[in-house]
Amino acid sequence: MFAKLNLFKECQEYNLGLWECPSFIFMVLGLVNIVAMLGTYFIANRYTDQPEIVALIVIGVSAFIFILSHSVTQGFDKLAQANKMKTEFVSIASHQLRTPLAGIRWTLNLLNDGRMNNPADTATCLGLVKENTERMIKLVNDLLDVSRIEMGKMTFMPRQTNLYVLAQKIINGSLRFAQANNIELKLEASETLPNVFTDPDKITMVIQNLIDNAIKYTKGKGEVKTTMEATDGLVKVAIKDTGVGIPRSQQKHIFQKFFRSDNIMKHQTVGTGLGLFIARSVIEESKGKIWFESEEGKGTTFYLTLPAYK
Ligand code: ADP
């Protein structure tokens, strides 16, 4: 009974701010209406010889109601958009789980039928099963990270971290993936780069995602260059690719969760649209910034800055 009276519970659940929460705004509108009617009545009674004051009050109240109605519409828009994205996401996530699962079933059938008799073929099959399993684990981990971020429960264990050392490890680990895609990986940074204070596992995930994207979204031969420098008490990282770029009209959505641009959807590259949403949360949690510059058909550069550790 009392739970039903909690007007804001739903809005908290849907992540809507107070001034976008339809039930709250409707309540305010009701109160404003009552106060405005009573106020106008009393003032009109007292200042009957000054009708312009009454007119001003009516105009003021109408403007206020107009602004509030606009907020209500925005709240509904946001809910509708979230709903659409969730529906799209269920379809993307199911599709992406189905692809590796189908791969695993196919490989297991081969092994089960006894058609893969020699050890080399068996090893190839097991390699495929492992690769597909890792794809699924990544998707599920991304989903768990997103839900932790949204519930404000992401665990963050910051300590002094050297981004140069970290980037070297990431790049070494990505060499095979880059070679398979005909991409040359470069790293330029001073070895005396100051440390930053952040969670090394989380920042590894961010830089790995940016480098993976730079490789994934470059079609044909290309180059991905990571540079790091210290400027004004900050460590600045830039990851520049010569890839497909991001269409200008879609750039404003790039950090929204589940968003994937039209131009890369055509290439059927694997992805969920969660990496950059997670990246931005991690960087902001470390008091840093992340942004990008991109031109379709020419390439993209992602930048991030983190405060240098003193
Ligand atoms: P995912 O790569 O799994 O789709 P991300 O959140 O990492 O998810 O990226 C979101 C979207 O941003 C990508 O789908 C792609 O449209 C765009 N994007 C990210 N990085 C690049 C890049 N380096 N070049 C072109 N587009 C990119």
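Atoms within each ligand, like the ligands themselves, are counted from 1 in listed order. Below, all heavy atoms of this structure are taken into account, side chains as well, without hydrogens, waters or symmetry copies.
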Non-hydrogen atoms of [X] versus ligand 1: any pair closer than 4.0 Å?
{"X": "G243", "answer": "no"}
{"X": "K257", "answer": "no"}
{"X": "F292", "answer": "no"}

Considering the heavy atoms of [X], write down every atom of ligand 1 situated less than 4.0 Å from one of them.
{"X": "I264", "answer": "14 (O), 15 (C), 16 (O)"}
{"X": "S261", "answer": "15 (C), 16 (O)"}
{"X": "I254", "answer": "12 (O), 17 (C)"}
{"X": "N209", "answer": "7 (O)"}
{"X": "I246", "answer": "25 (C), 26 (N), 27 (C)"}

Problem - Other residues, nucleotides, ligands: >12 heavy atoms within 6.0 Å of E229 CD - result: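 Counting neighbours around CD of E229, more than 12 heavy atoms of other residues, nucleotides or ligands fall under 6.0 Å, so yes.
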Handout entry: Other residues, nucleotides, ligands: >12 heavy atoms within 6.0 Å of M157 CE
Key =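 No, because the 6.0 Å sphere around CE of M157 holds 12 heavy atoms or fewer from other groups.
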Quick one: nearest non-hydrogen protein atom to [atom], plus distance?
{"atom": "atom 3 (O) of ligand 1", "answer": "T272 N, 2.7 Å"}
{"atom": "atom 24 (N) of ligand 1", "answer": "T300 OG1, 3.4 Å"}
{"atom": "atom 13 (C) of ligand 1", "answer": "Y217 OH, 3.7 Å"}
{"atom": "atom 23 (N) of ligand 1", "answer": "D241 OD2, 2.8 Å"}
{"atom": "atom 7 (O) of ligand 1", "answer": "N213 ND2, 2.8 Å"}
{"atom": "atom 4 (O) of ligand 1", "answer": "R260 NE, 2.5 Å"}

Taking heavy atoms and a distance under 4.0 Å, where does [X] meet ligand 1: side chain, backbone, both or neither?
{"X": "F259", "result": "backbone"}
{"X": "Q250", "result": "neither"}
{"X": "L274", "result": "backbone"}

Handout entry: Between S174 and Q208: side-chain donor-acceptor atoms closer than 3.5 Å
Key =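 The criterion, which ignores hydrogens and geometry beyond distance, is satisfied for Q208 and S174.
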Handout entry: Side chains of Q256 and H253, donor plus acceptor under 3.5 Å
Key =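 Yes, H253 and Q256 have a side-chain donor paired with an acceptor closer than 3.5 Å.
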Would you say [X] has any N or O atom under 3.5 Å from an N or O of ligand 1, going by distance alone?
{"X": "G273", "answer": "yes"}
{"X": "L276", "answer": "yes"}
{"X": "N263", "answer": "no"}

Practice task
Report the residue from N213, V244, D241 that forms a side chain to side chain contact (heavy atoms under 4.5 Å, CB included) with T218.
Solution key: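 The single option meeting the side chain to side chain contact (heavy atoms under 4.5 Å, CB included) with T218 is D241.
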Practice task
Measure from the side-chain N and O atoms of Q250 to the backbone N and O of D262, and report whether any donor-acceptor pair falls under 3.5 Å.
Solution key: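 Flag set: sc Q250 to bb D262 pair under 3.5 Å.
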Problem - Check: I246 main-chain N/O paired with S294 side-chain donor or acceptor under 3.5 Å - result: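 Indeed, once roles are kept as given, a pair shorter than 3.5 Å links the two residues.
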Problem - Side chain to side chain, L276 and L210, heavy atoms closer than 4.5 Å - result: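 Yes, their side chains come closer than 4.5 Å.
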Problem - Note, N172 side chain near K169 side chain (heavy atom, < 4.5 Å) - result: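 No. Closest side-chain heavy atoms not under 4.5 Å.
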Exercise for the section: State whether E150 and K257 are salt-bridged, where the test is any N-O pair (Lys NZ or Arg NE/NH1/NH2 against Asp/Glu carboxylate O) under 4.0 Å. Expected result: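 Salt bridge: yes.
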Problem - Cationic N near anionic O, under 4.0 Å, K130 to E134 - result: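 Judged by the 4.0 Å cut-off on N to carboxylate O distance, K130 and E134 do form a salt bridge.
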Exercise for the section: Show your reasoning for whether side chain to side chain contact (heavy atoms under 4.5 Å, CB included) applies to V32 and F64. Expected result: CA-CA 9 Å; V32 168; F64 188 61; 3.3 Å; yes
